[in-house]
Amino acid sequence: FDVVKALFVDECSMVARRQWFQLDFRAKQAKKEFVRKFGGMAIVTAGDLLQLPPVKKSSVCDPPPKKSDEISPEKEDAADKKPVKKTKMAEKQEDEELGGHHLWQSFRTVVTLQQNKRAKGPLADILKQIRENTLTDSNWRLLQSRVIGTHVVDGTVRPLPSGVRDERLFKPPFSTKRIQYVVHRHAQRAALAFYTCLDEAERLQQRLYVATASDHVKGTPSENLSNDLRTKIFSRSNFNNTECMPGALLLYKGMSLLIFDKICVALGLMKGCECILEHIYFSTFEDTEAHDSCRNPIFLSHLPRGLLLRATGAKWILPEDKLPPLRDNVDRKGLFMLNYTTATFHFQESSSQEVMPGVFKQVKQTHRVRRTQFMAVPVAVRTVHISQGEEWDALIGDCSLPPKMDLAEQWLANYVILSRATTLEGLLLLRLPPRSFFSIGAPAHIVDELELLQSVEVASQKRLAAYVRSLPK
């Protein structure tokens, strides 16, 4: 880092407030300069604040954190009603939150980009009006017309007759580009991924395999694990709660996968890297001869030994000893082996227990699960959080209103889905909320932050103008 002069941080809306403090700390360590912010390096950050905030972390747009007292008054001991002292970890997190807030507020040079380079034509106008809460009747009808199963008759959007398919799914760009689905929930992602993989494997005339995770619960022999508990653990679809290892991984040759393992940062083989599945190395215990006669999805009895993947767009080539034996004419660019991983997560099970005849109480039991699986998921379906920062020419999104999600997050999530498409012709929707939903407008705390940044931009422009005038002519 001796020669590094600047750091670039993209997608600043996804950077949690604490992470700014941590970045400052690491930058000071790297430069061995502990007085100046970020070790004296310049910081250039970019992004759209009208995006989803970091998951379970505070955003830079959130209200300023307050430094609480040494004693936390809301936590009291039930026996003597004495306040409980905060833990050192809580104090550290609080300090990092406050430090990150001050660092974000210290940025004094702001440039606002006015032109949307991703979206073009009518879609750019629709997104601009949604941001500004000025959606017109004509653009609302355009948005309604993108719902699958509808068509426009005499200027009115109406459902297609029963049994009539939507021809737009079979015309460009959906017939010429890879279709990307974006949904809100992991349960939707897992269910939709199964059907899309089934269709695509059939189109490519490839067998679809299902690699199920190997789960072991601490204190319970695997063979004695009840089917009910095994099913509940297996059905947990949010892989953020399973150390990024799905219960079932769909596999077919030629499919696209997103890896969630940190294999090699220098080669870009880390969380979010898109890869193509070139070959499946089955377990030596797998009865592969039975696969030839199977016409349905094949549930593997054993996890494969490994997956040969090709990182999309990669130019590097690994040494021969890092790859399995390959034919001489095989293109080795971007090839690497993905091995299965073992990690531990916790699963909480609720059940009713009879404490006396006719009286039941809810009992929660936490299981410690050790799972072995590949850290990867099909790329065809993504949740809205994972889709941030991406763009697609053929996008099918689900702009619904998920339960247990506040209005502000619903607004941001649906805006993100719409803004991942590049054109209106390349956007189709499974569902669309009522027009009244868009009249809610962007979350107030983000609007306030954007207005503050615009005032800082005015001041920074004046400084720039004064500097230009001071230059020798």
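Quantities reported herein were computed from a predicted structural model and do not represent experimental measurements.
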As an exercise, state the distance from CG of Asp199 to CZ of Phe194, rounded to the nearest 0.5 Å. 10.0 Å
Would His151 and Val164 satisfy side-chain contact (heavy atoms from CB on, under 4.5 Å), going step by step from the backbone distance to the final call? CA-CA 11 Å; His151 65 155; Val164 176; over 6 Å; no
Tell me whether Glu457 contacts the main-chain N or O of Thr112 through its side chain, where contact means a donor paired with an acceptor under 3.5 Å. yes
Are Leu453 and Glu449 close enough that some pair of their side-chain heavy atoms sits under 4.5 Å apart? yes
Identify whether the distance between the nearest side-chain nitrogen and carboxylate oxygen of Glu200 and Arg203 falls below 4.0 Å. yes
Whether the side chain of Gln388 engages the backbone of Val416 through a donor-acceptor N/O pair (distance < 3.5 Å, no angle test) should be reported. no
Hey, is the main chain of Pro402 close enough, under 3.5 Å, to the side chain of Gln410 for a donor-acceptor pair? yes
Is it the case that the side chain of Asp406 and the backbone of Ala408 share a donor-acceptor pair, with hydrogens and angles ignored and the cut-off at 3.5 Å? yes
Can you confirm whether Thr150 sits close enough to Gln144 that some side-chain heavy atom of one is under 4.5 Å from a side-chain heavy atom of the other? no
Show your reasoning for whether side-chain contact (heavy atoms from CB on, under 4.5 Å) applies to Tyr415 and Leu127. CA-CA 8 Å; Tyr415 178 78; Leu127 293 174; 3.9 Å; yes
Quick test of your reading of the model: are Glu349 and Lys232 salt-bridged, counting only N-O distances below 4.0 Å? yes
Would you check if the side chain of Gln188 reaches a backbone N or O of Arg185 as a donor-acceptor pair within less than 3.5 Å? yes
Under a 4.5 Å cut-off applied to non-hydrogen side-chain atoms, are Gln180 and Arg420 in contact? no
Is there a salt bridge (Lys or Arg N to Asp or Glu O under 4.0 Å) between Asp215 and Arg236 once you walk through the steps? CA-CA 12 Å; Asp215 290 338; Arg236 178 179 272 191; over 6 Å; no
Between Cys197 and Met255, what is the shortest heavy-atom contact and its length? SG-CE, 4.1 Å
Which atom names give the shortest non-hydrogen contact between Met41 and Ala27, and what distance separates them? CE-CB, 3.7 Å
Could you go through the side-chain contact (heavy atoms from CB on, under 4.5 Å) check for Leu401 and Leu407 one step at a time? CA-CA 9 Å; Leu401 301 179; Leu407 281 176; over 6 Å; no
Of all heavy-atom pairs linking Leu452 and Gln105, the shortest is CD2-OE1, 3.9 Å
Between CG on residue Leu50 and OG on residue Ser13, distance to nearest 0.5 Å: 9.0 Å
Minimum heavy-atom separation for Ala314 to Gly334, with atom names? CB-CA, 3.7 Å
Minimum heavy-atom distance between Asn414 and Cys399, given as atom pair plus value: OD1-CA, 3.0 Å
Has Lys128 got more than 12 heavy atoms of other residues, nucleotides or ligands less than 6.0 Å from its NZ? no
Hey, could you give me the OG/CG distance between Ser439 and Leu135, rounded to the nearest 0.5 Å? 9.5 Å
Residue set satisfying salt bridge (charged side-chain N to carboxylate O under 4.0 Å, His left out) with Arg431, at least two apart, ordered chain then number -> Asp398
Examine distances only and state if a side-chain atom of Ser256 and a backbone atom of Val379 form a donor-acceptor pair shorter than 3.5 Å. no
If I take atom CG from residue Asp24 and atom CG from residue Leu103, how far apart are they, to the nearest 0.5 angstrom? 4.5 Å
Scan Thr423, Thr176, Thr422 and name whichever one has a side chain to side chain donor-acceptor pair (under 3.5 Å) with Asp393. Thr422
Please verify the inter-ring angle class for Phe38 with Phe107; under 30° counts as parallel, over 60° as perpendicular, anything in between as tilted. parallel
Can we say Asp62 and Lys57 salt-bridge, meaning some charged N sits less than 4.0 Å from an Asp/Glu carboxylate O? no
Crowded around Phe170 CZ? As in, over 12 foreign heavy atoms under 6.0 Å? yes
Other residues, nucleotides, ligands: >12 heavy atoms within 6.0 Å of Phe1 CZ: no
For a 4.5 angstrom cut-off between non-hydrogen side-chain atoms, does His184 reach Thr383? no
Should Leu432 and Arg146 count as side-chain neighbours, where that means a heavy-atom distance under 4.5 Å? no
If you count the non-hydrogen atoms of other residues, nucleotides and ligands that lie under 6.0 Å from CZ in Phe25, is the total more than 12? no
Of His101, Glu96, Glu94, the one forming a side chain to side chain donor-acceptor pair (under 3.5 Å) with Arg18 is Glu96
side-chain contact (heavy atoms from CB on, under 4.5 Å) between Val210 and Leu250, worked out: CA-CA 5 Å; Val210 182; Leu250 304 168; 3.8 Å; yes
Can a salt bridge be assigned to the pair Asp48 and Arg131 using a cut-off of 4.0 Å between side-chain N and carboxylate O? yes
Just by modelled atom types, is the Lys364 backbone N or O under 3.5 Å from a matching donor or acceptor in the Gln362 side chain? no
Only one of Phe260, Phe345, Phe374 passes ring-ring contact (aromatic ring centres under 6.0 Å, His included) with Phe239, and that residue is Phe260
Taking the side chain as C-beta and beyond, is there a heavy-atom pair between Leu7 and Leu23 under 4.5 Å? yes
Between Trp104 and Trp20, what is the ring plane arrangement, given parallel below 30°, perpendicular above 60°, and tilted in between? tilted
Salt bridge or not for Arg165 and Glu167, using N-O below 4.0 Å? yes
Less than 4.5 Å apart, any side-chain heavy atom of Ile259 and any of Met375? no
Test Gln29 against Arg26 for side chain to side chain donor-acceptor pair (under 3.5 Å), laying out the working first. CA-CA 5 Å; Gln29 284 185 321; Arg26 290 301 187 189; 2.7 Å; yes
Return the CG to CG distance between Asn339 and Asp261, rounded to the nearest 0.5 Å. 9.0 Å
Nearest 0.5 Å, please: how far is CD1 in Ile148 from CG in Leu169? 5.0 Å
So which atom in Lys177 and which in Ala394 form the shortest heavy-atom distance, rounded to 0.1 Å? CB-CB, 3.9 Å
Between Lys31 (side chain only) and Val4 (backbone N and O only), is there a donor and an acceptor less than 3.5 Å apart? yes
Whether the side chain of Thr109 engages the backbone of Ser460 through a donor-acceptor N/O pair (distance < 3.5 Å, no angle test) should be reported. no
Hey, are the side chains of Leu143 and Trp140 touching, using non-hydrogen atoms and a 4.5 Å cut-off? yes
